[in-house]
Amino acid sequence: MQKKLAKLGHVALVTPNLEKSHWFFHDVVGLNEQKREGNKIYYRGWADFEHHTLILIEGKEAVLDHIAWKTHEAADVDYFYDKVEKAGLSPSWVPEGEEAGLGKAFRFKLPTGQVYEIYYHMERPLAPEGKRSRLKNQVFKSFDHGVSPRCIDHVNFNVGNPSESMKLHEELFGFKVREYIQLDNGFEMAYWTSVTTLVHDLAIMFDEAGRQNRLHHTAFYLDNFQDVARAADIFKENGIELSLAPGRHGISQAGFIYAIDPGSGHRLELFSGGYHIYDPDWKPVLWKEKELAEGIIWWGPELSPTFLAESIGPKE
């Protein structure tokens, strides 16, 4: 039986203005600062047990540094290292101490430019006194500051050939297609895929220019749509640009709001609802070209013609 990855662990983003991005993700969004180390700041939501689910790294331009995935067992790290190496993707071990809280792990670059990190061990520190929840099954106090999302939810990136990328994720890591968009000419332009019961841990969308290392957005989870509306007020009060105002996706059935980090230009989605898939023989849901707009936005703001391709990556 094919082994699969366990879950999305964290996302690391490079920002040219670390303090402004910290203000956005900490003060406004309400993620909890876990640690500062050199040019990096580590964060997590109030129900994220692992050391971090977001890393901000100061650098010259806004790019994706890496996306980390956790395995089911410690031995699976070596299993996936061998599998990635046999696929010709040149993995390399992460030097000890390079990333706070991280145990044995390796990184490699996808053919589309995004860097993946595969790990199992990660420290699970308690929240500091005064910020710790009285709930034994929760880390931080909820709604302590800012919007205050519960946890990381998914990541979305753009590639030149979504079908090839989807096939690689299926064969190497056990991802399953949950929903997808097919154009009238048969081209499959976007996939929502997961290794968990979530409708998606990862979305893979088309980039017409075929550019390398594109990131569309990172998403954190809110408990309900009232929290999404509250987020809109908090963003507006702080002068944050809303790239897509509150609405509901047809694909995934989730409530959403998208905002832009003013320090980097990285897009953040705050995501609520969605659904879980427990059926082992789930049949992927097909959305056709004429249904694309409703698939992306079931109700809410009008879909911009360029929204699906608006990604961050290296300057050409």
Which atoms form the tightest heavy-atom contact between [X] and [Y], and what is the distance?
X      : Y      : answer
Thr71  : Leu5   : CG2-CD2, 4.2 Å
Phe143 : Arg230 : CD2-NH1, 3.7 Å
Ala259 : Ile240 : CB-CG2, 3.8 Å

Lys109 atom NZ: more than 12 heavy-atom contacts under 6.0 Å: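 It does not: Lys109 NZ has 12 such atoms or fewer within range.
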Cationic tip of Lys4 above Phe173 ring, under 6.0 Å, 45° of axis: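 Geometry flag: not set, cation outside 6.0 Å or 45°.
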Is there a donor-acceptor pair closer than 3.5 Å between any side-chain N or O of [X] and the backbone N or O of [Y]?
X      : Y      : result
Arg44  : Cys151 : no
Thr112 : Gln212 : no
Gln2   : Glu170 : yes
His51  : Arg124 : no
Arg150 : Gly45  : no
Ser311 : Asn158 : no
Arg248 : Gln253 : yes

Electrostatic pair Arg36-Glu19, nearest N-O below 4.0 angstrom: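 Yes, this pair counts.
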Sidechain N-carboxylate O distance under 4.0 Å for Arg107, Glu99: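 Answer for the salt bridge query: yes.
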Examine the side chains of [X] and [Y] and answer whether a donor and an acceptor come within less than 3.5 Å of each other.
X      : Y      : answer
Glu50  : Tyr119 : yes
Thr306 : Ser304 : yes
Glu179 : His249 : no
Tyr116 : His169 : yes

Check: Trp23 and Asn17 side chains under 4.5 Å, non-hydrogen atoms: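 Answer no - side chains too far apart.
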Aromatic ring pairing Tyr43/His26, orientation class (parallel under 30°, perpendicular over 60°, tilted between):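 The rings of Tyr43 and His26 sit tilted, inter-plane angle from 30° to 60°.
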His216 and Phe307 aromatic ring geometry - parallel, tilted or perpendicular at 30°/60° bounds: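 Phe307 vs His216 ring planes: perpendicular.
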Interatomic distance, Ile181 atom CD1 to Leu308 atom CG [nearest 0.5 angstrom]: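 Interatomic distance, Ile181 CD1 to Leu308 CG, rounded to 0.5 Å: 6.5 Å.
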Option among Thr197, Ile251, Ile277 that satisfies the side-chain contact (heavy atoms from CB on, under 4.5 Å) test with Arg178: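 Among Thr197, Ile251, Ile277, the one that satisfies the side-chain contact (heavy atoms from CB on, under 4.5 Å) with Arg178 is Ile277.
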Residue among Leu102, Ile67, Asp65 satisfying side-chain contact (heavy atoms from CB on, under 4.5 Å) with Glu117: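 Result for side-chain contact (heavy atoms from CB on, under 4.5 Å) with Glu117: Leu102.
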Would you say [X] and [Y] are hydrophobically clustered, going by side-chain heavy atoms of ILVMFWY under 4.5 Å?
X      : Y      : result
Tyr275 : Tyr221 : no
Ile296 : Ile257 : no
Ile152 : Val195 : yes

From CA spacing to verdict: ring-ring contact (aromatic ring centres under 6.0 Å, His included), Tyr191, His200: CA-CA 9 Å; Tyr191 297 91; His200 69 307; over 10 Å; no
